[in-house]
Amino acid sequence: MLKVENLTKIFRGLKAVNNVSFEIREGLISGMIGPNGAGKTTIFNMISGSFKPTSGRVLYRGRDITNLPPHKYTNEGIARTFQIMKPLAHMSVIDNVISGAFFGRNPNRGYARAREQALEILELTRLADRRDFLAKELGTPDKKRLELARALITRPDLLLLDEVMAGLNPTETDEAMDLIRSINRSGITILMIEHVMRAVVDLCAEIVVLHHGEKISFGTPGEVMTDPTVIEVYLGKDDENGISRN
C-alpha cells in the first residue's frame, strides 16, 4: 500500500533521515519505533507532505506521490495525527470534527451530512458526551481522541498515528488500543509511532526500527524484539559480566 524508497532528509547539513526504505502492507497495523531523535516524525512529515524529502520517493498504491502538498495527500486517502495536538482551541469539539468533513476523499458538500458523520465518529472515539465542549477545555486523553476524530472524518485508507498513547495511564492505554483495533477492523490500514512497547507488540503485525535516522531492523514483533541490534539500541551493550550498562 505504501512504499518508502531511500528516503533522506537533511536539515542544514544534519541528516535527520538517511536512506530509509520500507513497505506497509494494506490491512495491517504496522509500527515505527526508535529512541527520541531517531527520525520517526520526520518520516511521517515526509509521507504526509509537511516536509519535502531531500531525496527518495514515497509511493502510494504504486503511484509516486512524493512532494505533493499536504491537502493532496489527504485527498489521496492519507490522514495523520500529531504528537503535539493541534485542535482549533476556541471551537467546539463537534465543530473541530465537522471542519474536516470538507476535506479528504469525497469531501462532504452539506453541513447536515457532515454533522451526522461527525457524531458517528465522536461516538466511536467516545467523545459524543463532550461534543459541545470547547477543544481547549479537554484534558490530554480527550484531546488525543479529538486529534484522531479529526483525522478519521477525512475518510482515510491509511492512518498515521504519532504517539497517540503518550502520557496515558494504563487504563487509558488499553482503551486507546481497543479503539485502534476497531479502526483497523473497519478497513483502515494503520502505521503508528509509539513508545509504549506493550501496545506496539500487541497491536502491530510488522515493525520498522529507526536509530539516528537509519533503519536498523524490520520484521514481526518477535523478530524485532530479539534482534541484537535493537536490543543494543534500547538497552545498551552488556558488560563482560553480562550486566546492562543502562
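All figures in this text were calculated on a predicted structure; none of them were measured in a lab.
A donor-acceptor contact shorter than 3.5 Å is absent between the side chain of Gln117 and the backbone of Ile153. With hydrogens and angles disregarded, no donor-acceptor distance shorter than 3.5 Å links the side chain of Lys3 to the backbone of Phe22. Checking side-chain atoms of Thr229 against main-chain N and O of Ile216 turns up no donor-acceptor pair under 3.5 Å. Listed for the Lys143 side chain is no donor-acceptor partner under 3.5 Å among the backbone atoms of Glu137. Although no hydrogens or angles enter the test, the distance criterion places a donor-acceptor pair under 3.5 Å between the side chain of Tyr73 and the main chain of Ile65. Between the side chain of Tyr60 and the backbone N or O of Ile47, no donor-acceptor pair lies under 3.5 Å. Within the 3.5 Å criterion, the main-chain N or O of Gly27 finds a donor-acceptor partner in the side chain of Asn184. Of the possible donor and acceptor atoms, none in the side chain of Thr8 sits under 3.5 Å from a partner among the backbone N and O of Ser55. Judged by distance alone, the side chain of Thr66 and the main-chain N or O of Val58 form a donor-acceptor pair under 3.5 Å.
Looking at heavy atoms from C-beta onward, Arg25 lies out of side-chain contact with Leu2 at the 4.5 angstrom threshold. Looking only at side-chain heavy atoms (C-beta outward), Val20 and Leu210 come within less than 4.5 Å of each other. Thr171 places none of its side-chain heavy atoms less than 4.5 Å from the side chain of Asp174. Taking 4.5 Å as the limit, some side-chain heavy atom of Leu146 sits within range of a side-chain heavy atom of Val97. Two residues are said to be in side-chain contact when any heavy atoms from C-beta on lie closer than 4.5 Å; Arg150 and Leu88 meet this criterion. Counting heavy atoms from C-beta outward, Met177 and Met165 have side chains that approach closer than 4.5 Å.
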Apply side chain to side chain donor-acceptor pair (under 3.5 Å) to Asn18 and His212, showing your working.
-> CA-CA 8 Å; Asn18 184 24; His212 292 320; over 6 Å; no
Could you go step by step and tell me if Phe51 and Phe44 meet the ring pair (Phe, Tyr, Trp, His ring centres under 6.0 Å) rule?
-> CA-CA 9 Å; Phe51 291 168; Phe44 263 31; over 10 Å; no
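Under a cut-off of 6.0 angstrom, the local environment of CZ in Arg61 is crowded, with over 12 non-hydrogen atoms contributed by other residues, nucleotides or ligands. By the neighbour-count criterion of 12 heavy atoms within 6.0 Å, atom CG of Leu14 is densely surrounded, having more than that number from other residues, nucleotides or ligands.
With respect to Asp162 and Lys144, no salt bridge is recorded, no charged nitrogen being found less than 4.0 Å from a carboxylate O. Looking at Glu147 and Arg145, no side-chain N of the basic residue comes within less than 4.0 Å of a carboxylate O on the acidic one, giving no salt bridge.
Looking at Thr42 and Asn45, their side chains never bring a donor and an acceptor atom within 3.5 Å of each other.
A cation-pi arrangement, defined by a distance under 6.0 Å to the six-membered ring centre and an angle within 45 degrees of its axis, is absent between Arg115 and Tyr111.
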